[in-house]
Amino acid sequence: MPSIPFNNRSLLILSSIFIYLIWQINFFALLSNGYSFSISITESLTNCFLLVFVTVTLKRIFRFYTPNATGFWSAIILTAGFSTLLPIAAKLMLSSIIPDNPEYVEMLNSTMQIRIGFSLLTVTSILVLILLFNMLQKEEAEKKHRQEIQQLATEAELFKLRQQLQPHFLFNSLNSINALIGTRPQEARTMTEQLASFLRGTIHQKENKLVALQEELDQINRYLQIERMRFGHRLQVLIDSDEQLQDAKIPPLLLQPLVENAIKYGLYETTGEVLIEVKTAILEKQLFITVSNPYDPDLPTRTTGTGFGLQSVQRRLYLLFGRSDLLQVKQESNQFITTVIIPQVYVESPDHR
């Protein structure tokens, strides 16, 4: 449901409608009691002019001041003062504008108490309307301010996660390069170039901007080139992604921690070849990306490392989409399977095309 814009234009429209209704009541009340059209229109316009003056004055007074509990009585006194002055000023103006009608002047004098009471009701209504709009505007401003603070906090946390992710990956890569320098310097140089290519692809990516799935897969291939330098033929990777999904959207650098986690728990405790599979699919406007690796629960768990990868992915997904169910981890048939779910707003399932 769209929110109502509580601004000065809205207040002006409502105030104009209210004053117009007052003018109509005043005009037709005089006309129905036998007064001429000129007298009826003159008094009603005079009263409306004074009412507009009071409305503008109250708006200026309470523009930057909203009375609290202690200032409530000052608002009441101010309202009472305006309510009394308004009919008195109207009487003085009308007596000079319409001096040759004793019957009308007598009616003005005899109805002063009624006029003051009606003025009190009218001015109070206008003041309540002004204070209500001021309160709603203040609430809207505070809500917008809270949203801006929350957005800044989210962006700061996402940036922090990215800053933590880069050193985590660099630490592992530089350790591998260091191990190759002495025995295989050419491979160390090649790995350094590949690492530079991978990092170059991350420079212009913004955390709150989604990228195409194909772009993310290209970045994963750059990462895998580095890892293949470390593990050689032992690392086998199968990426199964339909070409129809290449324009699906995904947060940048989301898959690298998942693939790194699969390599860590798939290769570190084994000596043979290991196949890591990456599969993508779209179902009901959600992109599913599954990363699976062999996993032997009987082998001792490797305890080195920060354990940061999966936690960072889960936190990033929550900050970006506000959901905590977008990362799923399970063990099935000696396979460790990690699935991320990326909501797709503009992408349809291939089955529906």
Please give me the minimum heavy-atom distance between His233 and Gln236, naming the atom from each residue.
O-NE2, 2.7 Å
Please give me the minimum heavy-atom distance between Val259 and Val278, naming the atom from each residue.
CG2-CG2, 4.4 Å
Residue pair Ile276 / Leu235, side-chain heavy-atom distance below 4.5 Å
yes
Where do Arg189 and Glu193 land on the salt bridge (charged side-chain N to carboxylate O under 4.0 Å, His left out) test, with the steps shown first?
CA-CA 6 Å; Arg189 178 172 179 170; Glu193 292 173 352; 3.7 Å; yes
Atom pair CD1 (Ile41) and CD1 (Ile39), whose distance is rounded to the nearest 0.5 Å:
12.5 Å
Give a yes or no on whether Glu142 atom CD has more than 12 heavy-atom contacts from other residues, nucleotides or ligands under 6.0 Å away.
yes
Report yes if some heavy atom in the side chain of Phe321 is under 4.5 Å from a heavy atom in the side chain of Ile341; otherwise report no.
no
Side chain to side chain contact (heavy atoms under 4.5 Å, CB included) partners of Gln335, counting only residues at least two apart
Ser292, Pro294, Ile337
For residues 116-130, which side-chain donor-acceptor pairs fall under 3.5 Å, sequence neighbours excluded?
from: Ser119; atom 1: OG; to: Ser83; atom 2: O; distance (Å): 2.9
from: Thr122; atom 1: OG1; to: Phe118; atom 2: O; distance (Å): 2.8
from: Thr124; atom 1: OG1; to: Leu120; atom 2: O; distance (Å): 2.6
from: Ser125; atom 1: OG; to: Leu121; atom 2: O; distance (Å): 2.8

Please check if the side chain of Glu216 supplies one atom and the backbone of Leu254 the other of a donor-acceptor pair under 3.5 Å.
yes
Backbone of Lys249 reached by a side-chain donor or acceptor of Gln344 within 3.5 Å
yes
Looking at CG of Leu255 and CD1 of Ile220, how far apart are the two atoms once the value is rounded to the nearest 0.5 Å?
5.0 Å
Exam field: side chain Glu227 to backbone Ile263, donor-acceptor pair closer than 3.5 Å
no
Are a donor atom and an acceptor atom from the side chains of Gln214 and Asp218 found within less than 3.5 Å of each other?
yes
Candidates Thr57, Leu58, Val56 - the one meeting side chain to side chain contact (heavy atoms under 4.5 Å, CB included) with Arg60:
Val56
Got a donor-acceptor contact below 3.5 angstrom from the Asn33 side chain to the Ala29 backbone?
yes
Could you check Val340 against Leu287 for side-chain contact (heavy atoms from CB on, under 4.5 Å), going step by step and ending with a plain yes or no?
CA-CA 8 Å; Val340 291; Leu287 174 64; over 6 Å; no
Let me confirm one number: the CG-CG distance from Leu45 to Leu50, rounded to the nearest 0.5 Å.
11.0 Å
So, are Glu139 and Lys143 salt-bridged, with charged N and O less than 4.0 Å apart?
no
In the structure I gave you, are the side-chain heavy atoms of Lys91 and Asn109 within less than 4.5 Å of one another anywhere?
yes
Could you state the interatomic distance from CD (Glu106) to OG1 (Thr111), rounded to the nearest 0.5 Å?
10.5 Å
I need the Glu43 CD to Met107 CE distance, nearest 0.5 Å.
5.0 Å
hydrophobic_cluster_shared for Leu31 and Ile25, side chain cutoff 4.5 Å
no
If I take atom CZ from residue Arg315 and atom CG from residue Leu320, how far apart are they, to the nearest 0.5 angstrom?
10.5 Å
Determine whether Ile22 and Asn47 make a side-chain contact, defined as any pair of heavy atoms from C-beta on separated by less than 4.5 Å.
no
Taking Ile97 as the starting point, is it possible to reach Met112 by hopping between hydrophobic residues whose side chains are less than 4.5 Å apart?
no
Determine, step by step, whether Arg222 and Gln219 satisfy the side-chain hydrogen bond (donor to acceptor under 3.5 Å, both in side chains) criterion, reporting the C-alpha distance in whole Å, the side-chain angles of both residues, the deciding distance to 0.1 Å, and the verdict.
CA-CA 5 Å; Arg222 297 187 191 103; Gln219 189 72 346; 2.3 Å; yes
Please determine whether residues Leu217 and Phe288 belong to a single hydrophobic cluster, defined as Ile, Leu, Val, Met, Phe, Trp and Tyr linked transitively by side-chain heavy-atom distances below 4.5 Å.
yes
Applying the 4.5 Å side-chain criterion to the ILVMFWY set and letting contacts propagate, would Ile88 and Val54 be lumped into a single cluster?
no
Does Phe28 share a hydrophobic cluster with Phe37, counting links as ILVMFWY side-chain heavy atoms below 4.5 Å and allowing steps through other members?
yes
So which atom in Pro251 and which in Arg316 form the shortest heavy-atom distance, rounded to 0.1 Å?
CB-NH2, 3.9 Å
Any heavy-atom pair between the side chains of Thr339 and Ile289 that's under 4.5 Å?
no
Tell me the closest heavy-atom pair linking Ala188 and Ile177, and the distance in Å.
CB-O, 3.9 Å
Kindly determine whether Leu94 and Thr42 satisfy side-chain contact (heavy atoms from CB on, under 4.5 Å), including the steps that lead there.
CA-CA 8 Å; Leu94 290 170; Thr42 300; 4.2 Å; yes
Side-chain touch Val329/Phe336, heavy atoms, less than 4.5 angstrom
yes
What pair of heavy atoms forms the shortest contact from Ile250 to Leu213, and how long is it?
CG2-CA, 3.9 Å
Nearest heavy-atom approach of Tyr223 to Glu260 is OH-CB, 3.1 Å
Within the structure provided, determine whether Gln314 and Gln311 are in side-chain contact (heavy-atom separation under 4.5 Å).
no
Any non-hydrogen side-chain atom of Leu224 less than 4.5 Å from a side-chain atom of Arg228?
yes
